[in-house]
There are 4 protein chains.
Amino acid sequence: MADQHIEQRTRPRTERRRRADGEQSRRRILDAAAQIAGERGYDGTSIAAVSSRSGLPASSIYWYFANKDELIAAVIERSFGSWLSALDVPDDHGGDTDDRVRAMAGAVARTLLDSPDFLRLGLMLALERRPSEATARTKFLEIREIARNRVEGALRALAPSLPEESVRRLGTYVIAGADGLFIAHEIDGDTQDLVAMSELHAHAVFAAVTRELSLTHPQQHRSSS
Amino acid sequence: MADQHIEQRTRPRTERRRRADGEQSRRRILDAAAQIAGERGYDGTSIAAVSSRSGLPASSIYWYFANKDELIAAVIERSFGSWLSALDVPDDHGGDTDDRVRAMAGAVARTLLDSPDFLRLGLMLALERRPSEATARTKFLEIREIARNRVEGALRALAPSLPEESVRRLGTYVIAGADGLFIAHEIDGDTQDLVAMSELHAHAVFAAVTRELSLTHPQQHRSSS
Amino acid sequence: MADQHIEQRTRPRTERRRRADGEQSRRRILDAAAQIAGERGYDGTSIAAVSSRSGLPASSIYWYFANKDELIAAVIERSFGSWLSALDVPDDHGGDTDDRVRAMAGAVARTLLDSPDFLRLGLMLALERRPSEATARTKFLEIREIARNRVEGALRALAPSLPEESVRRLGTYVIAGADGLFIAHEIDGDTQDLVAMSELHAHAVFAAVTRELSLTHPQQHRSSS
Amino acid sequence: MADQHIEQRTRPRTERRRRADGEQSRRRILDAAAQIAGERGYDGTSIAAVSSRSGLPASSIYWYFANKDELIAAVIERSFGSWLSALDVPDDHGGDTDDRVRAMAGAVARTLLDSPDFLRLGLMLALERRPSEATARTKFLEIREIARNRVEGALRALAPSLPEESVRRLGTYVIAGADGLFIAHEIDGDTQDLVAMSELHAHAVFAAVTRELSLTHPQQHRSSS
DNA sequence: AATGAATGAGGATTCATTCAT
DNA sequence: AATGAATGAATCCTCATTCAT
């Protein structure tokens, strides 16, 4: 913190931070909080630690965030945002359905490897049964709902005749698999290949979709795994 | 904690009552700690909270457990033990392979519904990545390894020709699905049927097994779901 | 605060609008501070609270007031001023002495009911005995001295032959009763009629005056209540 | 604090504090809190200050008191108790009614001079409009009710035919006068003689009692000041 | 005429743990 | 076999105030 401060003073004022750069401070705080929360979880993320890692005094953190809870919520939100935008780019390309599903799964897996903060943090918050007013937890649950809607949209696009009930069930299953594989990867480290496992999961989901279809419209489909 | 326990057993006790009291106190502490840790996670489980919920003074907790970490480890161990014993009973019964797999999945799901503490707590610990190799976390990872060995054993029994690499991969996938579905159930409450979802997962795994077999020994298998 | 105020007046202002804004901001701050200080006392009046209630940033408060202490002093001064001016109007009217005393007491009581902030705040400050001679407290004590002088003046007018020592004593007693009744009203709410109680007090004081007179000049007076 | 602690260790263990003397620690904390709160009020009484004045670490204060509020409440309660017991001793003695009233007033005044903490503190709390759940304020209001009941009892004993409404009114007036004179004494220091002023107040109340009686039972009484 | 941003000191309270008894 | 009391470090957060713009 100290050196940070000194650096700021000694550095010649060539580019005077436009509008007294609070944007940068806010970002520094979020960066620090994201790192620490990613390593140590919600409770392990002390304001003092964020302060010293960000170079700003603890009291300054409260200029930008009402309290620790909202700080973590902001971390989750930003992390989710950058995950989403990383995902959005490679949306459609050729190949048959199976290939496309597998590609999507791989993309999800890869982006999770890059910015997993919101997921790890969010899962921890979700598992701890904090009072429901907790901003950070609520934020994660909102985000989770967004992700689920996307997944369900993709499932509907993939199999338009799939009944809504199946869409819900398979949506849950897709996300459950992603969560579970993410956890496996977090626990076992890089010994397990998250991308390969995700493709396995995609396969399983794909098989489940066709199976559900065959149960609903028995004449139109055959087992296709 | 371990030596404490042993000491209590080996030292001859003239008065039965005393020993019973000690054991009862220990149990009360564990019960309280299990409840709280299940609700609030490792950090949220303060010694003071365990003290007031158990009715015993904080210092008494340290008579039974070396420190908080070993208390939580004991909670996990006990909870896992009761989960395992609940699982052990209905091990084998007739029906074809598919049925058997589905039955196992249902049993696992049901026991998780009954005693979910160790899994929730363990997952939190696993996600938290606390720097020092905490006893409680280690204990959970050990237990997880036991569970994985069981799963892999079942997979080998199911498909003896499955290569070891596939066994590992599918073992991971089985557990990941269980974790993910457990989380989904924790988050969404009872709106999702954990048992039905587990059977869906069992199906998916079974399909994956046959698929791996067909990839490895292409001539011997056909799709069999 | 004082110089700030003067500076504002002496410096010629080209634009009328600007000056009006400044004065309005100052008033907004004082209003907010008066409300909060009336409710929560000196320590309970944080600059942050005044800032959010007034809608102006905390740093702007320091543009108008040197520090918190002078802000509170200004609150007391303004509140006292408006109390005094409310009191000044109905100063003299007919009736015998008893009536006049009672009317005065009623007037005081009514104005206290209308603007009790400065008295409540002042009493809190007076009781608090903060070590450094805080401006706000001093301001209140000055004001209290002014009020006492008025009371003593009225007593002298009422009974010119009353010795100075008695004037002092009765002046103290008048104010003590007012303070006490104000407190009773603050505590018990409207269950007690402050005006009626004030008239009771006026009676008591009047009786005490005649009593003091009879002790000093025994031959000239008789009981006259 | 430090020396305190050392002293405790170096002092030879001749009299080992019976039952690990928490009673003494509690008293030390209360003493410290009473001194500081008497000087600086509720907000001015920081736990850190109580800690260093009592010689016990801040965290130990929380062994005895749930929070600062309950600590102050305990201070008020104890101070009131010792005031009451100081007051109880000289209950009845000869002389005519006027003398007796004056003696009582003098006793009250003298005891207030000795242990005024509960009154100063309580008045401050009563004036600040803290949330009603505040323990300390509530405690003071309870105490005030006890004192009022006593006063009303004394009034009834003094003039059994006094109607209840007058008893209430005069009870309020007695206490208001005491509060007001106490404040006058606190503000002006020893320049005003609290005891003499209290006797003046007693006289005024006595006159008011006879006046109320004469208004209610016009034939039985005459003005008696 | 103002204000966004920053800051160090201090606020109350909880923490896991120890120790004498 | 247990516990009342104590403790120092850490917790989150608020405080009044400053300063560059």
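First the proteins, then the strands, lettered A, B, ... as listed; each starts at 1. Keep in mind it's a predicted model, so treat the numbers as computed, not measured.
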| request: Look up atom OG in B/S54 and atom CD1 in B/I61, then write down how far apart they are to the nearest 0.5 Å. | output: 5.0 Å
| query | Got a second to check how far D/L30's CG is from D/Y64's OH, nearest 0.5 Å? | reply | 11.0 Å
[N] [atom2] sits how many Å from [X] [atom1], rounded?
| X | N | atom1 | atom2 | value |
| --- | --- | --- | --- | --- |
| C/Y42 | F/dC15 | OH | P | 13 Å |
| D/K68 | E/dT14 | NZ | P | 14 Å |
| B/F65 | F/dA2 | CZ | P | 12 Å |
| A/R28 | E/dA5 | CZ | P | 14 Å |
| B/D69 | E/dT17 | CG | P | 8 Å |
| B/I47 | F/dA10 | CD1 | P | 18 Å |
| D/E23 | F/dA5 | CD | P | 9 Å |
| C/I61 | E/dA1 | CD1 | P | 18 Å |

| Pairing of B/E39 and B/R53 as salt bridge, 4.0 angstrom limit | yes
| query | Are OP1 or OP2 of F/dA2 and a side-chain N or O of B/Y64 less than 4.0 angstrom apart? | reply | yes
Kindly write out the residues that satisfy side chain to side chain donor-acceptor pair (under 3.5 Å) with [X], not counting sequence neighbours, or none if the list is empty.
| X | value |
| --- | --- |
| A/R27 | none |
| A/D31 | A/R78 |
| D/D69 | D/Y42, D/T135 |

| For B/R40, what residues pass the side-chain contact (heavy atoms from CB on, under 4.5 Å) criterion, not counting sequence neighbours? | B/I36, B/A49
Which of the following nucleotides, [options], is nearest to the side chain of [X]?
| X | options | value |
| --- | --- | --- |
| B/S60 | E/dA16, E/dA12, F/dT3 | F/dT3 |
| D/A58 | E/dT13, E/dA16, E/dG4 | E/dT13 |
| B/P57 | F/dC13, F/dT18, F/dT3 | F/dT3 |
| A/W63 | E/dT3, E/dT13, E/dA6 | E/dA6 |

| field | Dot-bracket notation for DNA chain F, counting Watson-Crick and G-U pairs under 3.5 Å, with | for partners on another strand | value | .||||||||||||||||||||
| Base, sugar-phosphate, or nothing: which does A/S46 touch, judged by heavy atoms less than 4.0 Å apart? | sugar-phosphate
| request: Could you check whether C/S51 gets within reach of a base, just the sugar-phosphate, or nothing at all, counting any heavy atom under 4.0 Å? | output: nothing
| said: Checking C/F118 now: which residues fulfil ring-ring contact (aromatic ring centres under 6.0 Å, His included) with it, not counting sequence neighbours? | reply: C/F80, C/W83
| field | B/L56 vs A/D43, nearer the 5' end of DNA chain F by closest nucleotide | value | B/L56
| note | Result for 5'-nearest mapping on DNA chain F, choosing between D/S25 and C/N67, is D/S25
| request: Kindly indicate whether the side chain of A/S59 and the base of E/dG8 share any N or O donor-acceptor pair separated by less than 3.5 Å? | output: yes
| query | When the nearest nucleotide of DNA chain E is assigned to D/A49 and to D/A66 on a heavy-atom basis, which residue is associated with the more 5' position? | reply | D/A49
